[in-house]
Structure formats: structure tokens, C-alpha cells
2 protein chains.
Amino acid sequence: MEGRCRVLQGPTIEEAFRAIRDGIAGRRNVLIVGNCWAEYFGRASSKLGAGERIVLIKSDGSTLVHRPRDYAPVNWQPPGSLFRTRIKEGRLHIRVFRRKQHESLELIFDRVYLVAILHLIDLGEFHLYASEEDMRQAILIEPSLVEEGFRPVTIERPVESGFVDILGVDREGRLTVVEVKRKAVGREAVLQLERYVEDLRRSTGREVRGILVGPEVSRGAQGLLAALNLEFKPLSPKRCAEVLGDKRDRRITDFALEER
Amino acid sequence: MEGRCRVLQGPTIEEAFRAIRDGIAGRRNVLIVGNCWAEYFGRASSKLGAGERIVLIKSDGSTLVHRPRDYAPVNWQPPGSLFRTRIKEGRLHIRVFRRKQHESLELIFDRVYLVAILHLIDLGEFHLYASEEDMRQAILIEPSLVEEGFRPVTIERPVESGFVDILGVDREGRLTVVEVKRKAVGREAVLQLERYVEDLRRSTGREVRGILVGPEVSRGAQGLLAALNLEFKPLSPKRCAEVLGDKRDRRITDFALEER
DNA sequence: TAATAAATGTCGTTT
DNA sequence: AAACGACGTTTATTA
């Protein structure tokens with residue numbers, strides 16, 4: 001473990017500097033807790049006043065500056081960033097930059113409470129279920145999730161303005177565009193569907209139905225749907241996962257137990 | 001600093017458990033480095049195999065599980081989460097959940113390398129420049145950024161399917177919808193603009209121009225624009241920031257809300 | 001490399 | 001509380 005994890009508590013700026021510089025050079029993960037401020041220039045620009053934060057520099061170069069609140073980092077750099085650390089006027093400067101993107105984050109610490117240099121090995125697999133892709137799969141396996149008598153014909157069918165999620169035929173043989181969303185659909189999704197339907201009407205000269213599938217609709221989207229003569233079919237990712245679980249292999253079944 | 005930052009290096013599971021439980025109860029920020037695996041159930045569900053990671057539990061309840069790579073956490077919970085920590089079969093279990101949302105993340109550690117309990121004070125202000133809002137401001141101050149002779153009339157004008165960024169009149173008196181984007185515009189933005197233009201044509205019975213303003217257009221969006229007879233005007237957030245820098249100090253704030 | 005759309009998106013703002 | 005849209009969105013996939 002000692003080889004894996006080197007910790008400095010209450011280091012001097014000089015000690016912190018050396019540990020961080022070497023940690024970054026050695027492609028370790030570097031954790032810094034201290035009082036800092038920051039400036040960012042690139043796609044936009046930003047200024048962050050002084051405060052106590054947690055900074056995480058990962059071995060792939062991604063860098064996160066976390067305040068004691070919120071999910072999102074207040075400042076960051078994506079993977080592949082480069083670093084320059086130095087001491088200036090008794091303070092620790094860490095410049096995180098991406099040359100090609102002309103993007104730079106300058107971090108300045110005047111106090112460092114904790115530095116940890118970590119060699120982490122993480123080969124664990126990660127799997128996510130109940131994605132929009134899973135919903136599409138479920139519909140292909142069990143088309144009645146959309147509507148009794150619905151028959152899918154094509155997936156990812158290209159039309160003029162994009163790709164139709166599922167193109168099929170309803171029980172009366174009408175061409176039917178299905179657009180799937182894993183969360184509550186808003187106006188945006190309706191516009192997308194409307195465009196697809198319009199493209200298909202034009203290119204085929206046939207009558208075309210448009211059905212939005214998702215767990216719920218917003219009020220505004222509801223109105224737009226009505227105005228554009230489009231339809232909504234409620235369907236949750238959860239329900240789809242169940243269908244997939246039944247038909248494929250069991251994955252989500254313990255979810256029901258969890259939910260009570 | 002000692003009051004601010006309590007660190008356990010290579011603690012036993014029991015020691016880690018106590019420190020973490022008390023840290024969470026005391027609304028501290030808690031850093032954990034160790035070997036863990038995880039399961040998530042909620043909006044979706046996921047399974048993460050064993051590996052060495054950094055876990056950050058913030059004082060507002062937000063929780064992040066970070067692998068040694070990537071900007072994004074592999075698992076997380078938003079602010080406001082609740083916690084239950086316990087030891088089971090010699091392992092440390094941390095359950096992070098939100099009852100109302102029926103969302104739960106279960107983290108299990110079999111080894112803990114480092115625990116830090118942090119009391120962080122962060123009152124620093126954060127400011128972001130060159131946002132889309134800044135671009136709109138710049139256009140209001142300097143309408144020729146869109147086109148010579150353009151005169152803004154209304155901002156955030158509601159139409160049937162949403163809100164028009166800037167509604168104005170071109171040099172020939174034609175109603176003109178301007179949609180602003182801070183980065184390269186894709187199909188989505190074109191659809192949005194098309195809808196607005198269509199709504200206004202219908203509701204006013206007048207000729208309506210639609211101009212998309214942004215740093216660049218994608219190929220596909222370009223095509224869609226042409227097909228729908230809409231226009232594109234290149235304008236970068238940076239250029240807008242310059243304009244604001246020049247003109248802002250003159251305090252032309254509540255400008256352009258009245259019709260001219 | 002560019003483009004396109006999903007995301008457990010998150011987050012602020014406004015109704 | 002719900003809706004709506006921006007975000008330095010990031011990330012994966014595909015042409």
C-alpha cells in the first residue's frame with residue numbers, strides 16, 4: 001500500500017510542489033486539498049476567487065477542481081492535458097493546458113493542507129442498463145410496447161434531416177416513425193420528430209404517423225404534439241429493461257426488490 | 001489545519017468506517033481512496049466491477065466515484081443524497097440514496113488506503129465570460145454584428161414553440177428571427193430556428209427571415225439551412241466579449257427592450 | 001477528423 | 001414543482 005499511496009499532511013509549499021510535480025511526471029493520480037484560486041481561458045473564460053477546494057489530477061491528464069458542494073467541478077480540464085507546476089512568490093502555481101485547443105487553467109495555492117500521490121489500478125468492468133439503446137432493443141423485441149400491431153421495418157433510417165430511431169408500419173399499414181427518449185420529452189424531441197415525419201412525407205409521398213415514445217411528456221411538448229398532429233406513447237426505461245430481462249438474460253430483476 | 005483536515009492512512013475497515021460515518025454525520029467532505037465495487041439503481045442501473053478509485057462525498061451530499069481516468073465520475077449521486085454506512089462481512093458498505101427519487105448507489109470497499117475528513121470553507125466568487133448570454137448582450141449593443149442595418153426589437157419573445165432569442169427588423173423592414181449559439185451549430189439549432197420562423201410567419205402573416213448566429217456551422221446544418229431557406233452569420237463568443245469590453249463601461253444596460 | 005445524438009447528463013432561471 | 005434551455009457540457013459512435 002505504501003508504494004501505492006504517498007501522503008503529505010500539512011506540507012510546505014515547497015514540499016507540495018515537489019510531490020505534485022513528481023506525481024504528475026510519474027503519471028500518478030494527484031489529490032490536492034488547499035486554499036486556491038483559478039483562472040481559465042479557452043472556449044470561454046472564467047475567474048474563481050479564493051477558497052478551500054479539492055483538486056484531482058488524474059493519470060490521463062484530466063483535472064477537476066471541486067468546491068465543497070455540487071456534482072460538477074467548478075473548473076476542469078479534459079483528458080490529455082499538459083502541466084506546468086512552479087513556485088512563484090511563495091505560492092504553488094499549477095498550469096493545466098491543452099496547446100492545440102488553446103485552453104489553459106491556472107491554479108494558484110497559497111496553502112496546501114493535503115497532498116496524496118496515488119498509483120491506482122482499476123480494471124473493473126462497467127455496465128449500464130436501461131439506456132435509450134436498451135429501449136430501442138426492447139421495442140424491436142416487443143413492438144407492441146409502442147402499439148398493438150406495430151411492426152418495425154428499419155432502425156436508424158437516414159432521412160434528410162437526420163436518422164429516424166425506428167421506422168415501421170402500423171396495423172393499418174401506415175408508415176410510422178418512432179422516436180425514443182429515455183426521459184421526459186420536451187419541445188426539442190417533438191421538433192425532431194416533426195422534421196422526420198415531414199421528410200418522409202415528402203420523400204415517400206405517403207401518409208406518415210409520428211409517435212414519440214418516452215416515460216412522460218412536458219406540457220409544452222404535449223401542446224406542440226397536438227398542434228403538429230403527432231402522438232405520444234408512455235413507456236419507461238424500466239419497463240423496457242424488464243422486457244429485455246425476460247427475453248434476453250436476467251439483469252435488472254433485482255431492481256424490483258430494491259424499489260419497494 | 002488539524003481541525004480542518006483529519007487523515008487516516010491505511011486504516012482498518014473499522015477505523016475507516018468510523019471516520020467516514022462521523023465525517024458524513026458532521027457534514028464534512030469525505031475523501032476515500034480504496035479498492036471498491038458498486039451498484040446503482042434509479043433512473044437507470046449500473047454495475048461496476050472491483051478496482052481502485054477515489055470517492056468524494058461532499059458536504060451537500062453529492063457523491064462522486066472517480067476512476068483513475070476520464071473527466072466524468074463512473075458513478076455518482078447528486079446533492080441532497082442521504083447515507084448509510086456499515087460494515088458487513090469485513091467490508092465497508094456505503095449506501096448513497098435519495099428516497100424521493102428512488103435512487104440508490106451502493107459502494108463496497110474491501111480495502112481502504114486513505115480517508116480524509118475535510119472541513120472546507122469556500123466563499124470565492126465564480127464568474128464566467130463569453131457565454132451565450134454575453135453574445136446576446138453584444139448583439140443588442142452592436143446589432144451590426146448580425147448584419148448591417150439590423151435593429152433588435154424584442155428579446156426572449158414567446159412564440160408557439162418556445163422563445164425567440166432576438167426578434168428584430170432588417171434594413172428592409174423584414175421581420176428577422178436571430179438564434180444565437182456560442183459554439184458550432186448543428187441540425188438541432190436549425191430545427192429550432194425553423195420552428196420559430198414558421199410560428200411567426202403563421203401568427204403575423206408576414207415575411208420572416210431566420211438567421212443563425214454562431215462561430216461555425218456543421219456541414220449537415222449548412223445543408224438544412226439551405227433547404228429551409230435560412231441563413232447563417234459567423235460570430236465568435238470572443239468577438240462578442242471584445243465588443244462588451246469596449247461598450248460595457250458606458251452602461252447601456254436596459255437598452256433595446258423598448259421598440260424603436 | 002468531423003458530426004451527430006445520448007446522458008443516471010447537471011444547473012440555473014422562470015413560471 | 002415543472003419546464004425549458006445552456007453548458008468551457010462530456011462521451012461514444014459512425015461516416
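All heavy atoms count here, side chains included; hydrogens, waters and symmetry mates do not. We name chains A, B, ... by the order of the sequence lines, and we start the count at 1 in each one.
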Looking only at non-hydrogen atoms, find the nearest pair between B/R182 and B/P215 and report the distance.
-> O-CG, 3.4 Å

Just distance, no hydrogens or angles: give the donor-acceptor pairs under 3.5 Å from side chains in residues 187-200 of chain B, sequence neighbours left out.
unit_1	atom_1	unit_2	atom_2	d
B/R187	NE	A/S161	O	3.4
B/Y196	OH	B/F163	O	3.3
B/D199	OD1	B/R202	NH2	3.3
B/D199	OD2	B/S161	N	2.9
B/D199	OD2	B/S161	OG	2.4

Within the 4.0 Å heavy-atom criterion, would you say [X] contacts the bases, only the backbone, or no part of the nucleic acid?
| X | result |
| --- | --- |
| B/F97 | nothing |
| B/V74 | base |
| A/S46 | nothing |
| A/S45 | nothing |
| A/N75 | base |
| B/G220 | sugar-phosphate |
| A/K100 | sugar-phosphate |

Are any of [X]'s side-chain N or O atoms less than 4.0 Å away from OP1 or OP2 of [N]?
| X | N | result |
| --- | --- | --- |
| A/R219 | D/dA3 | no |
| A/K183 | C/dA7 | no |
| B/R43 | C/dT10 | yes |
| A/S218 | D/dC4 | yes |
| B/Y196 | D/dG5 | yes |

Given the C1' atoms of D/dG5 and C/dA7, what is the spacing between them in whole Å?
->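 Rounded to whole Å, the distance is 16 Å.
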
Using the P atom as the reference point in each nucleotide, state the distance between C/dT4 and D/dG8 in Å, no decimals.
-> 23 Å

Confirm from the modelled atom types if A/E103 and D/dG8 form a donor-acceptor pair under 3.5 Å, side chain to base only.
-> yes

Is there a donor and acceptor pair, one atom on the side chain of A/Q77 and one on the base of D/dG8, closer than 3.5 Å?
-> yes

Using heavy atoms to find the nearest nucleotide of DNA chain C for B/P79 and A/E179 separately, return the residue whose nucleotide is more 5′.
->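 Nearer the 5' end of the strand: A/E179.
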
On DNA chain C, nearest-nucleotide positions of A/R182 versus A/R69: which is more 5'?
->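 Here A/R182 is the residue nearer the 5' end.
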
What is the distance, rounded to the nearest whole Å, between atom CG of A/D165 and atom C1' of D/dT13?
-> 14 Å

Rounded to the Å, how far apart are B/F163 CZ and C/dT15 P?
->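 It is 7 Å, rounded to the nearest whole Å.
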
Hey, is B/Y40 doing a stacking thing with C/dT8, by the 5.5 Å centroid and 30° angle criteria?
->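 Answer is yes, a stack.
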
Bracket notation of DNA chain D in which parentheses pair within the strand, [ ] cross earlier pairs, and | pairs with another strand (Watson-Crick or G-U, under 3.5 Å) = |||||||.|||||||

Does one side chain, of B/R95 or B/S104, offer a donor that lies under 3.5 Å from an acceptor on the other?
->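 Yes, because at least one side-chain N or O of B/R95 sits under 3.5 Å from a partner of the opposite role on B/S104.
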
Less than 4.0 Å between a side-chain N and a carboxylate O, is that true for A/R136 and A/E132?
-> yes

Side chain of B/W76: nearest nucleotide among D/dG8, C/dG9, D/dC4?
->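 Nucleotide nearest to B/W76's side chain: C/dG9.
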
Quick one: pull up CG in B/L31 and CG in B/L118 and give me the separation to the nearest 0.5 Å.
->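 Interatomic distance, B/L31 CG to B/L118 CG, rounded to 0.5 Å: 5.5 Å.
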
If you round to the nearest 0.5 Å, how far is CG of A/L120 from CD1 of B/I54?
-> 5.0 Å

Take B/Y40 and B/E103 through the test side chain to side chain donor-acceptor pair (under 3.5 Å) and record every step on the way to the result.
-> CA-CA 8 Å; B/Y40 160 76; B/E103 219 172 12; 2.6 Å; yes

